[in-house]
Number of protein chains: 2
Amino acid sequence: MNSESIAYSSQRESLGILLGLVRAEIVRTMEAEIAAKGLELRFTQFLILKRLARQGPMGATELARSVELDGGAMTRQLDQLESRGYLRRCPHAQDRRALRIELTDEGTALWRQLTDCNDRVLKAAQRSLNATERKQLHDYLERVLHALRDKD
Amino acid sequence: MNSESIAYSSQRESLGILLGLVRAEIVRTMEAEIAAKGLELRFTQFLILKRLARQGPMGATELARSVELDGGAMTRQLDQLESRGYLRRCPHAQDRRALRIELTDEGTALWRQLTDCNDRVLKAAQRSLNATERKQLHDYLERVLHALRDKD
DNA sequence: CACATATATTTGCCTTGACAAATATACTTC
DNA sequence: GAAGTATATTTGTCAAGGCAAATATATGTG
């Protein structure tokens with residue numbers, strides 16, 4: 001193997017792949033943390049609860065978009081989480097098409113347990129980055145996101 | 001809404017969500033670019049071809065791990081890509097369990113078309129980052145990946 | 001107001017991928 | 001080299017998610 005092909009094969013992962021790898025690892029780690037607490041929740045459900053806990057009640061579509069989930073898939077996740085008693089579908093005051101999805105007390109209590117998993121995973125993930133680097137990583141990712149979304 | 005709750009609700013996306021959003025956007029953009037060329041390929045298949053084109057022939061398991069795909073799912077993707085003539089399953093010289101998966105000429109030709117998509121999407125994604133920032137983003141992501149994989 | 005268009009949610013259908021079991025082969029140890 | 005263990009690939013099964021159609025309601029226009 002000559003130096004050129006060495007350089008070639010050791011080429012860095014492109015952004016697309018790398019993001020996928022990191023995300024998959026975060027999902028795995030988070031689900032392991034959750035399971036270790038004896039809780040039965042997939043990452044998607046974790047995200048839904050997190051979003052509701054942090055942002056408060058909102059509609060299904062907004063919720064779906066915020067966790068990058070299809071509307072149909074969201075309906076089914078809500079079915080599950082509602083049947084387990086973690087959230088409620090309330091009618092929206094102004095818009096009779098829409099829902100106002102809110103955590104129940106049980107859901108809020110569950111989130112309190114999950115906070116712990118959340119913190120541990122984020123801490124583990126970022127442990128090799130200092131405060132400045134964490135900010136930068138965040139900032140860069142948001143800039144990439146906007147660059148792709150606003151394709152002028 | 002008081003100032004505290006404002007600060008709370010404008011809290012930054014956590015890494016898990018943000019990575020998912022960015023990745024989803026990259027997948028969408030790439031698939032749109034591919035479709036715009038009249039090609040029929042999902043992002044996963046794109047990744048498989050890319051990996052083979054860049055790293056050369058390799059086994060199915062290694063390929064699967066490199067694109068973060070389950071082994072079973074890989075078998076089916078290989079079925080498809082092989083039936084469409086883009087790659088070949090050759091027997092591995094030393095290990096009779098394993099495969100040596102390699103691109104056909106047609107596969108290589110296809111990749112030449114895809115390079116274009118690849119470049120355009122990466123360029124678009126990173127357009128608001130300068131050279132240093134791109135390197136940092138890459139570096140940070142790899143550090144996060146390793147931090148999660150080698151849990152001390 | 002009537003009509004056309006847009007949005008929120010649900011449901012059906014289908015594809016993709018995860019997980020586990022089966023099979024074949026390699027490696028390790030006694 | 002026989003037995004046990006580990007790895008590569010394939011296949012079956014199932015759940016999750018994407019897409020499109022259906023329904024209900026909202027909004028904008030003449």
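Each chain gets a letter, A, B and so on, in the order its sequence line appears, and its residues count up from 1.
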Quiz prompt | Parallel, tilted or perpendicular, as decided by the 30° and 60° cut-offs, for the rings of B:Trp111 and B:Phe46 | solution = tilted

Rounded distance (Å) that lies between atom [atom2] of [N] and atom [atom1] of [X]:
X       : N      : atom1 : atom2 : answer
A:Leu41 : D:dA16 : CG    : P     : 12 Å
A:Leu47 : D:dA16 : CG    : C1'   : 14 Å
A:Glu40 : D:dA16 : CD    : P     : 11 Å

Quiz item: Taking only residues two or more places apart in sequence or in another chain, which ones pass side-chain contact (heavy atoms from CB on, under 4.5 Å) with A:Thr61?
Solution: A:Arg65

Self-check item: Under the side-chain contact (heavy atoms from CB on, under 4.5 Å) test, residues paired with B:Asp139 that sit two or more places apart
Solution: B:Arg143

So, [X] side chain and [Y] main chain: donor-acceptor pair closer than 3.5 Å or not?
X        : Y        : result
B:Arg51  : B:Val67  : no
B:Thr29  : B:Val121 : no
A:Glu68  : B:Gly20  : no
B:Ser128 : A:Ala147 : no

Quiz item: So what does A:Asp95 touch, heavy atoms closer than 4.0 Å: a base, only the sugar-phosphate, or nothing?
Solution: sugar-phosphate

Practice problem: On DNA chain C, reading 5' to 3', which nucleotide is the first and which the last to sit with an atom under 4.0 Å from a heavy atom of chain B, could you check? | Solution: C:dG17 to C:dA26

In plain terms, say whether [X] and [Y] are close enough for a salt bridge, that is, a side-chain N and a carboxylate O under 4.0 Å apart.
X        : Y        : value
B:Arg88  : B:Glu82  : no
B:Asp79  : B:Arg89  : yes
B:Arg54  : A:Glu13  : no
A:Arg100 : A:Glu102 : yes
A:Arg23  : A:Glu25  : no

Quiz item: Between B:Lys50 and A:Ser14, does any side-chain donor sit less than 3.5 Å from a side-chain acceptor?
Solution: yes

Quiz item: Would you say a side-chain N or O of A:Thr44 is under 4.0 Å from OP1 or OP2 of D:dA16?
Solution: no

Self-check item: Close residues, residues 74-91 of chain B, relative to DNA chain C [heavy-atom separation under 4.0 Å]
Solution: B:Arg76, B:Gln77

Quiz item: If you find the nucleotide of DNA chain C closest to B:Arg42 and the one closest to A:Ala73, which residue's nucleotide is nearer the 5' end?
Solution: A:Ala73

Exercise. Would you work out how much the helix from C:dC1-D:dG30 to C:dC30-D:dG1 bends between its ends, with each end axis defined by five base pairs, to 10 degrees?
Key: 30°

Practice problem: Please list, by residue number, the residues of residues 21-36 of chain B whose heavy atoms come closer than 4.0 Å to an atom of DNA chain D; answer none if no residue qualifies. | Solution: none

Quiz prompt | Quiz item: B:Arg97 side-chain donor-acceptor pair to D:dT7 base, under 3.5 Å | solution = yes

